[in-house]
Amino acid sequence: MTGQKRTIVVIGGGAAGMLAALTAAQKGASVTLLERNQKVGRKLYITGKGRCNLTNDCSVQEVLANIPRNSRFLTSAVTRFPPSEVKALFSSLGVPLKTERGNRVFPQSDRAADIIDALFFALRRQRVSIVQDRAQHILVQEGRVRGVKAEHGTYGCDAAILATGGCSYPLTGSTGDGYEMAGELGHTILPAKPSLIPLIMEGEECPRMQGLSLRNVGLKVKSHKGKLIYQEQGELLFTHFGLSGPLILSASAHMRDFEREHYTVSIDLKPALDEQTLDARLVREFAEQSNRAFHNVLERLVPRLLIPILVERAEIPAETPANSITRSQRRRLLELLKGLNFTVQGPRGVEDAIVTSGGVKVSEVDPHTMESKLVKGLFLAGELLDADGYTGGFNLQIAWATGRAAGEAAADMER
């Protein structure tokens with residue numbers, strides 16, 4: 001690169017924006033990062049329950065298999081900056097990492113702040129100017145970017161990287177501003193829908209079990225026609241509105257048509273036992289506690305908050321002595337333990353989603369550079385794009401890969 005430095009404005013100080021700014025600065029560009037919050041990386045603080053699941057330690061093909069929406073568009077970016085490179089980057093920035101169940105990668109400290117601090121100080125070392133300001137419009141002349149107008153000033157530039165996130169968790173600053181700015185310049189914005197979202201259940205049973213966390217349970221999600229949509233084992237949580245927790249968030253990403261489809265979730269409370277083995281366990285429990293009431297026998301089988309629900313659904317009077325339980329009653333209990341069903345009313349609001357599905361139509365963006373096909377010098381990265389993945393670090397992997405691609409291309413573009 002010769003002559004005067006290229007000037008780049010990055011809009012949004014989240015994962016994609018910070019990495020885009022760092023990459024462009026490392027390639028010699030003069031970079032200004034605009035962030036509306038007082039601190040960068042605010043949404044990163046809450047990822048992975050505050051631990052920051054920054055990627056998934058798997059192959060490029062496995063990453064793409066975990067991106068149900070527009071994975072082909074992301075092939076180039078993820079191939080050039082795969083999980084192994086993400087891990088190498090943060091290791092080089094002084095953050096020791098560890099890999100946990102499901103190949104999920106975290107900082108060894110379990111502190112998301114370590115990831116944010118590493119990026120922040122790397123930006124400082126590269127002399128990136130971090131300015132607290134809220135971008136409002138991208139200024140274009142003769143079909144190419146010339147500046148960014150914000151609340152407190154106008155910033156001239158050769159290129160702008162738009163990385164404002166979607167509209168999930170609006171308190172972190174993701175309020176959909178990027179959709180408006182991209183839309184003003186002619187980009188098609190597909191409606192933002194919640195993905196990785198807690199689910200509202202019909203009836204009052206879930207609220208009665210509010211706060212109950214179940215680990216190592218099986219989950220199946222089926223459509224109203226009985227088609228299996230999702231199946232996995234893990235952890236879930238009963239809430240005042242329905243169900244949440246890792247299993248439910250992952251399942252929600254597969255439930256893409258709440259407007260026309262009706263879903264049922266089925267919880268296997270004893271996934272380690274097949275029906276025959278579990279039935280033998282029930283026979284043994286009832287024999288060993290033959291004079292105890294039915295509801296008391298259940299204390300050795302399930303958490304306390306589940307007992308009233310099982311008693312009601314099994315239609316066995318709570319005080320029935322264990323030695324009076326009939327074979328058909330035991331069968332009903334067995335079926336409930338292997339498949340406790342709930343009807344999904346719908347998802348929580350988009351503000352409760354970990355990520356949003358929808359955003360800038362990817363056919364209007366170059367998949368190699370993340371540059372807009374409509375406006376020269378406009379680059380888009382991260383959740384703003386219509387591409388999202390399942391839980392497990394895949395959404396941050398999308399952010400890192402697209403941010404890196406945008407930063408490289410913006411720094412290399414002709415003035």
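Only this structure's heavy atoms are used, side chains among them; waters, hydrogens and symmetry mates stay out.
- Looking at R330 and D279, a side-chain N of the basic residue comes within less than 4.0 Å of a carboxylate O on the acidic one, giving a salt bridge.
- When all heavy atoms are compared, the tightest approach of A29 to I8 is CB-CD1, 3.6 Å.
- Heavy atoms only, all atoms of each residue included: G242 and C206 are closest at O-CB, 3.6 Å.
- Among all heavy-atom pairs drawn from T402 and L74, the shortest one is CG2-CD2, 3.6 Å.
- No side-chain heavy atom of T164 sits under 4.5 Å from any side-chain heavy atom of Y179.
- Residue pairs meeting the ring-ring contact (aromatic ring centres under 6.0 Å, His included) criterion with at least one partner in residues 358-404, sequence neighbours excluded, are F90-W400, H254-Y390.
- There is a side-chain donor-acceptor pair under 3.5 Å between R80 and S76.
- Remark: the backbone N or O of D386 is paired with a side-chain donor or acceptor of N70 at under 3.5 angstrom.
- A side chain to side chain donor-acceptor pair (under 3.5 Å) check over residues 198-219, counting only residues at least two apart or in different chains, returns the pairs E205-R313, R208-E312, S213-E235.
- Judged by distance alone, the side chains of T391 and S250 do bring a donor and an acceptor atom under 3.5 Å apart.
- A salt bridge links D110 and K98; the closest N-O separation between the charged side-chain nitrogens and carboxylate oxygens is under 4.0 Å.
- Side-chain atoms of N103 do not come within 3.5 Å of backbone N or O of T99 as any donor-acceptor pair.
- Not a single side chain to side chain donor-acceptor pair (under 3.5 Å) links K222 to another residue, sequence neighbours left out.
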When the side chains of residues 111-123 are checked against the rest of the protein, which donor-acceptor pairs come out under 3.5 Å, sequence neighbours left out?
{"residue": "R111", "atom": "NH1", "partner": "D114", "partner atom": "OD1", "Å": "2.3"}
{"residue": "D114", "atom": "OD2", "partner": "S109", "partner atom": "OG", "Å": "2.5"}

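- Under the 4.5 Å side-chain criterion, counting only non-hydrogen atoms from C-beta, V360 is in contact with I189.
- Every side-chain contact (heavy atoms from CB on, under 4.5 Å) that T154 has, sequence neighbours left out, goes to L139, K149.
- The CD1 atom of I67 sits 12.0 Å away from atom CD of E62, with the distance rounded to the nearest 0.5 Å.
- The nearest pair of heavy atoms linking A15 to A399 is CB-CB, 3.9 Å.
- With hydrogens and angles disregarded, a donor-acceptor distance shorter than 3.5 Å links the side chain of N56 to the backbone of G102.
- Side-chain atoms of R292 and E299, non-hydrogen and from C-beta on, do get closer than 4.5 Å to each other.
- The side chain to side chain donor-acceptor pair (under 3.5 Å) test applied to T23 returns R404, not counting sequence neighbours.
- T7 places a side-chain N or O within donor-acceptor distance of the main-chain N or O of D158, the cut-off being under 3.5 Å.
- By the 4.5 Å heavy-atom criterion applied to side chains, I197 and M255 are not counted as neighbours.
- Judged as a side chain to side chain donor-acceptor pair (under 3.5 Å), and not counting sequence neighbours, Y263 has no contacts.
- Of the possible polar contacts, one joining the D133 side chain to the H152 backbone as a donor-acceptor pair under 3.5 Å is found.
- With sequence neighbours excluded, no residue satisfies ring pair (Phe, Tyr, Trp, His ring centres under 6.0 Å) with F73.
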| message | Could you walk me through whether L219 and I248 satisfy the side chain to side chain contact (heavy atoms under 4.5 Å, CB included) test, starting with their C-alpha distance in whole Å, then the side-chain angles of each, then the deciding distance to 0.1 Å, before giving a yes or no? | response | CA-CA 8 Å; L219 183 78; I248 298 299; 4.0 Å; yes

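- Under the side-chain contact (heavy atoms from CB on, under 4.5 Å) criterion, P191 pairs with no residue at all, not counting sequence neighbours.
- Legend: residues meeting ring pair (Phe, Tyr, Trp, His ring centres under 6.0 Å) with F286, ordered by chain and number and at least two apart, are absent.
- Applying the ring-ring contact (aromatic ring centres under 6.0 Å, His included) test to residues at least two apart or on different chains, none of the pairs has a partner in residues 193-222.
- Annotation: side-chain contact (heavy atoms from CB on, under 4.5 Å) contacts of S91 (sequence neighbours excluded): L97.
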